[in-house]
Amino acid sequence: MEEVEKKDNTKKQLNFLSWEDAKKEAKKFLQNFTLKEKISLMYGSALNPMKRCVGQIEPIKVGWFNKGVKFAGIKFDDGPTGPRFQKGLTNSWPAPINLASTFNKELVYEVGKAQGYDFYHTGINVALTPCINLLRVPQGGRIFEGYGENPFLTGELCVELIKGIQSNGVIACAKHFIGNEQEKYRIASNSIIDERTLMEIYAEPFYKAIKKGDVGCIMCSYNAVNGTLLFKNKLMNEILKEKFGFNGFIISDWYAVNDDSPDSVNNGLDINMPGTISKLPVVYGILNPSFWSKIPKYVEQNLIKEEKINETAERIISTMFKFDQIKYFPKNEYYSQNFITEESKKLNRRVAAESNILLKNENNILPINLQKIEEQNKKYKIALLGIDAFKGNFYGQEPSFSNYIKSKVKADGHLTNGYGSGTTTYNYVIVPYDGIKSKINNFKNIELIPYAKLDKNENEDIETSKKIAEICDLVLIFVHSISGEGCLKIANSFGDRNDLDILHNGNQLIEEISQINQNVIVVINSPGPVNMDWKDKVKGIIFGGFAGQESGNGIADVLFGDVNPSGHLPFVIGKKEQYPSEINGLQEYDLLSSVKNVKIDEFKDTVKYDEGLFIGQYWFDKNNKIPTYYFGYGLSYTQFEFSDLSCNYDKNLKKLTAKYKIKNIGNYDGSAVALLYLTFPSEVENYPIRVLKGFDKYLLKINEIKECLYYSLF
Ligand code: BGC
């Protein structure tokens, strides 16, 4: 039996169905389900939630000694950088903010497909990704899990990720619906958003995920919008199911359901996850029941209609039929699969390199041409400074009670991800030192002098670093900042960053070194915008985001010119006070926001989305604010010339077409990113000055000209 299953699995041709056919199959399948069995599909168990998945719907067993399986169950697992809690066996992909920096739709699809492979073979039915909340405030803890500030960019790219994941028979889950743009009091905050802003900005990625991506699952957020917590908010029915025609099922964020009112089911929530009231790992239904164990009673009392239960069960089962999960789904393929392959390493490295954003390149200090330096036949010294260049301890923490409660995790080395449910346990990590050393090793005239030391205060050793910089021809400095989900405390904040400064005295290190050495290149690893008051004093700046297991190889490829950088900023970089709002992060451990089984009676924070449609760059444009670097910014080692733009809008088809030419006029092959903005007529009042409505990426050889065509159906 084992043999057959394995064989079947490697050769398996997935048989995807249309929604119509999937619904028919679901109806048939559910014919002999009792009401109780249908209800059992609607909430999970907390049994072993941390064992290879973060939650599950129990199987339905029948017959003598429960030997028959009527329903095999559903396993859910995070998240945005690959399967979580897999004991370091699967890949640790670059964070979604890096996928966004590539502006490369095909590449994001490829990553989705590869992640889908990892999820499928770890037996995960539903991958809890993509996270499509927007970078509204740069301090927001989870911005690295998302695709930046722009609803159009986020929408288009999440569609590719969803399609990629689902092409491998895994259901993707777009999260967190909606208005969840900060960590502070995330389960006790109320986001106040007007209807237009909600629909045109924050709902747009969900619209695309449904309409273009055919996403199978959506997770509602913890917070409230306009006074009602999302798990029982009618926006689920009204926007997702009625307006957008969502066919799949909606699940709650973990422990978000915190009362037993029938409103949650009636307003559109299909599954309560993980289902039990508290985090205690005891047998559900006895010591740790569910707020939803009252559903049978509500059905009797007609507070929830039986048809509603039927509809919910059909949504769940038809989604599983659509992605061919009912007849066969691998339980767990750990022992028969090799997840870390040459191919997966290559793809990781490609994204890591392609997501680097070249922000400054004075006098073409980059790329560093090792061959040319070697040929000069004299000693050349390169200093590698900053703790972020070296290996630390922060590569996916398995959850432990002390990690969560004492929050003693440090960000003490090269950062490849933020913290929280968007992380994975690493199999291996290539840090910048590894990547750079392996390039320089072959050159006898070039010497790498690596140095960083962490003292008790986690500060850079500036004095020693200066001595090294003095004797070197070129200095590379790696700095970082970190944020994450509001469950750990790192760098003095829970989730959200308190400020936009880089950590560990990084600013001072750069300032002081740049006074000693004229050839300084800074690489920043961070979830989003940082302050760069030193920007005019250094020659080169690269924004590296959080680039996953191959991070160090990716940056080395760019520094030494094996890859021509083509990343662009998926957010505007400004100073904290230039953005419309900020978060005064939590300094102390907040029990209410962390242990989520507490009933919330009143909101602890009101988050007013008063800037309306003017998110990110749109706010800077409207208020004539000069950013440090604008949205979409990113240099290349070559130059591109854009010309001959002509546009046409077909009113009947609602189709916009843009034609233009791009020429590579520089000295390197490279990829150009074209961004198409629309400016609306002046009668349209109070609207962003220019709105992103299209983008594409093209690889051009030196002197090559491409005639490009972009079209979009509104
Ligand atoms: C997060 C979700 C995640 C879930 C399961 C929650 O705390 O907000 O994004 O999918 O936990 O780990």
Side-chain angles (χ1 to χ4, degrees), residues 43-46 48-57 74-86 95-96 115 119 122 124-133 140-147 158 161 165 170-189 191 206 215 217-224 229-231 249-258 269 271-276 278-279 281 396-399 403-404 417-425 483-488 494-496 590-598:
Y43 55 96
S45 76
N48 292 329
M50 295 308 191
K51 207 176 168 197
R52 297 177 182 177
C53 71
V54 293
Q56 60 190 328
I57 301 291
I74 311 178
K75 281 194 171 186
F76 299 82
D77 196 24
D78 294 305
T81 55
R84 189 180 177 206
F85 300 139
Q86 304 299 332
Q115 288 187 346
F119 280 108
T122 44
I124 303 302
N125 301 77
V126 183
L128 303 175
T129 182
C131 171
I132 51 179
N133 299 108
R142 299 181 74 176
I143 55 174
F144 65 93
E145 289 187 56
Y147 294 76
C158 83
L161 189 96
I165 288 185
V170 171
I171 299 168
C173 174
K175 64 190 189 181
H176 311 81
F177 183 78
I178 192 172
N180 180 195
E181 270 72 32
Q182 68 176 47
E183 285 306 281
K184 186 183 178 189
Y185 296 124
R186 63 183 177 152
I187 61 158
S189 71
S191 301
F206 288 94
V215 72
C217 177
I218 292 181
M219 183 191 291
C220 77
S221 54
Y222 289 120
N223 56 284
L229 291 166
L230 251 307
F231 80 87
F249 56 91
I250 303 179
I251 63 174
S252 70
D253 200 343
W254 265 232
Y255 303 98
V257 175
N258 63 31
L269 187 61
I271 296 184
N272 167 359
M273 283 311 294
T276 49
S278 78
K279 281 184 166 178
Q397 315 272 340
E398 293 280 354
N403 264 353
Y404 280 91
N417 205 345
Y419 55 90
S421 61
T423 55
T424 52
T425 310
S483 71
E485 195 175 338
C487 53
L488 288 176
F494 283 104
D496 305 317
D590 176 60
L591 197 67
L592 202 56
S593 294
S594 310
V595 182
K596 303 169 196 134
N597 55 348
V598 186

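Along the sequence shown, residues are numbered consecutively beginning with 1. For ligands, and for the atoms within them, numbers begin at 1 and follow the listed sequence.
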Using heavy atoms and a 4.0 Å limit, tell me yes or no: is E485 in contact with ligand 1? yes
N or O contact, R142 vs ligand 1, cut-off under 3.5 Å: yes
With heavy-atom distances below 4.0 Å as the criterion, list the atoms of ligand 1 near H176. 2 (C), 8 (O), 9 (O)
Go through the structure and list residues passing salt bridge (Lys or Arg N to Asp or Glu O under 4.0 Å) with D78, not counting sequence neighbours. R84, K175
Separation between CG of N133 and CD1 of I143, rounded to the nearest 0.5 Å: 12.0 Å
Are T122 and D77 close enough that some pair of their side-chain heavy atoms sits under 4.5 Å apart? no
Hey, which atoms in ligand 1 end up nearer than 4.0 Å to a heavy atom of L128? 10 (O)
A side-chain contact here means heavy atoms from C-beta on lying under 4.5 Å apart; do D253 and F231 qualify? no
So, for I187 and L229, which heavy atoms are closest and what is the spacing to 0.1 Å? O-CD2, 4.0 Å
At less than 4.0 angstrom from any non-hydrogen atom of K175, what atoms of ligand 1 do you find? 2 (C), 3 (C), 9 (O), 10 (O)
Determine whether R186 and N223 satisfy the following criterion, side chain to side chain contact (heavy atoms under 4.5 Å, CB included), listing intermediate values before the conclusion. CA-CA 5 Å; R186 63 183 177 152; N223 56 284; 5.8 Å; no
Measuring from non-hydrogen atoms of M219 to any atom of ligand 1, is the shortest distance under 4.0 Å? yes
What atoms of ligand 1 come within less than 4.0 Å of a heavy atom belonging to R84? 12 (O)
Among the heavy atoms of Y222, does any lie under 4.0 Å from an atom of ligand 1? yes
What residues, two or more places apart in sequence or in another chain, satisfy side chain to side chain contact (heavy atoms under 4.5 Å, CB included) together with S252? C220, A256, V257, L269, N272, M273
Side chain, backbone, both or neither: which applies to F76 and ligand 1 if a contact is any heavy-atom pair less than 4.0 Å apart? neither
